[in-house]
Amino acid sequence: MTRNRVEVLHGVNLSELGRRDREQYGGVTYQELQVRVGEFGRELDLELRFFQTNHEGHFVERLHRLEGIADGIVLNPGAWTHYAWSIHDALEPLSVPIVEVHLSNVDERDEWRRTSVLNDIVAARFVGEGPDGYRQALQYLKENA
C-alpha cells in the first residue's frame with residue numbers, strides 16, 4: 001500500500017453488537033470491536049478511520065467522500081450486504097481496494113444472507129472469523145494494495 005489510510009465502515013445494526021446473538025457475533029461490543037481493529041491497524045502501521053451508521057443514505061454519502069482520502073476500505077455493511085445496490089453503486093467508481101468483512105459466517109446462515117451484492121466490487125472477503133476477520137482484511141490491504 002503506497003499510503004496507509006484505511007477507512008473502516010460499519011453498517012446497519014453493528015452499533016448493537018454485544019446485545020445481538022452471541023452465537024453468531026460473539027460477545028464483543030461495537031466499541032470493543034473498534035478498539036481491537038484499531039490495535040490491528042497500529043500493528044500493521046496503518047492509519048484507520050472508523051464510521052458507523054444505521055442509515056443507508058449516510059453510508060452512501062460517506063462512500064462518496066472517500067476518493068483521495070482513503071487508500072483502502074474495509075467494510076461490514078451488515079444486512080445491507082444482501083440487497084443494498086445503492087452501496088454497490090457508490091463503491092463502483094472508487095479506485096481503491098475494498099475488502100468485505102462479516103463477523104459471522106453469512107455463507108452458512110439463512111439463505112438470504114448468502115447473497116452479496118458486493119461480490120463483483122470487493123477484492124477480498126473474510127467471513128465467520130469474528131474480529132480476526134478485520135485483521136485479515138487489513139493484512140490483505142497492507143500486502144495487496
Side-chain angles (χ1 to χ4, degrees), residues 1-26 28-38 40-41 44 46-145:
M1 181 175 287
T2 307
R3 301 192 67 188
N4 294 325
R5 304 170 302 177
V6 177
E7 188 83 7
V8 181
L9 296 112
H10 291 103
V12 66
N13 294 323
L14 273 290
S15 59
E16 300 307 303
L17 287 174
R19 297 176 19 161
R20 297 189 68 197
D21 183 351
R22 289 176 180 266
E23 284 187 34
Q24 295 297 332
Y25 303 104
V28 67
T29 67
Y30 176 71
Q31 291 75 20
E32 292 166 341
L33 177 65
Q34 193 169 326
V35 168
R36 276 199 208 167
V37 175
F40 299 155
L44 294 167
L46 297 173
E47 177 188 324
L48 306 185
R49 288 187 341 161
F50 293 91
F51 179 77
Q52 190 282 324
T53 185
N54 291 312
H55 302 280
E56 186 177 339
H58 294 165
F59 199 88
V60 168
E61 288 291 331
R62 182 66 167 217
L63 293 173
H64 289 169
R65 294 186 199 109
L66 292 182
E67 194 69 47
I69 64 169
D71 305 307
I73 297 170
V74 172
L75 76 160
N76 181 344
W80 292 330
T81 302
H82 316 296
Y83 64 86
W85 287 99
S86 60
I87 292 172
H88 172 282
D89 292 350
L91 288 167
E92 198 169 36
L94 296 176
S95 61
V96 299
I98 302 161
V99 180
E100 179 183 347
V101 175
H102 295 281
L103 294 165
S104 69
N105 189 345
V106 293
D107 295 334
E108 293 182 2
R109 292 184 62 194
D110 314 275
E111 189 65 37
W112 65 270
R113 293 182 195 270
R114 298 177 188 176
T115 298
S116 173
V117 299
L118 307 177
N119 277 341
D120 67 327
I121 299 257
V122 298
R125 190 169 179 260
F126 298 96
V127 302
E129 300 293 332
D132 285 339
Y134 289 85
R135 180 192 302 268
Q136 294 169 351
L138 294 171
Q139 186 68 45
Y140 177 88
L141 287 175
K142 183 77 172 180
E143 294 173 1
N144 296 287

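In what follows, residues are counted from 1 in the order of the sequence shown.
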From Asn76, Leu63, Ile98, Val101, residue fulfilling side chain to side chain contact (heavy atoms under 4.5 Å, CB included) relative to Leu9: Leu63
Gly41 to Leu48 - nearest heavy-atom pair and separation: CA-CD1, 3.8 Å
Parallel, tilted or perpendicular: rings of His102 and His82 (30°, 60°): parallel
Side chains of Pro131 and Gln34 in contact at under 4.5 Å (non-hydrogen atoms): no
Partner set under salt bridge (Lys or Arg N to Asp or Glu O under 4.0 Å) for Arg49, not counting sequence neighbours: Glu7
Min side-chain heavy-atom separation Asn144-Pro97 under 4.5 Å: no
Test salt bridge (Lys or Arg N to Asp or Glu O under 4.0 Å) applied to Glu47 - qualifying residues, sequence neighbours left out: none
Residues that Leu44 engages under side chain to side chain contact (heavy atoms under 4.5 Å, CB included), provided they are two or more places apart: Leu46, Leu138, Gln139
Side chain to side chain contact (heavy atoms under 4.5 Å, CB included) partners of Asp89, counting only residues at least two apart: Glu92
Side chain proximity check, Val37 to Val74, heavy atoms < 4.5 angstrom: no
Parallel, tilted or perpendicular: ring planes of Tyr30 versus His10, cut at 30 and 60 degrees: perpendicular
Residues which pass side chain to side chain donor-acceptor pair (under 3.5 Å) with Asn54, listed by chain and number, not counting sequence neighbours: Ser15, Gln52
Residues forming a side chain to side chain contact (heavy atoms under 4.5 Å, CB included) with Ala123, sequence neighbours excluded: Tyr140
Glu61: partners by side chain to side chain donor-acceptor pair (under 3.5 Å), with sequence neighbours left out: none
With sequence neighbours excluded, residues passing side chain to side chain contact (heavy atoms under 4.5 Å, CB included) with Glu67: Leu94, Ser95
Those residues that, when tested against His58, pass ring-ring contact (aromatic ring centres under 6.0 Å, His included) (two or more places apart): His55
CA sep, side-chain torsions, deciding dist, call: Arg62, Thr53, side chain to side chain contact (heavy atoms under 4.5 Å, CB included): CA-CA 10 Å; Arg62 182 66 167 217; Thr53 185; over 6 Å; no
Considering all heavy atoms, the nearest Ala124-Phe126 contact: CB-CE1, 4.0 Å
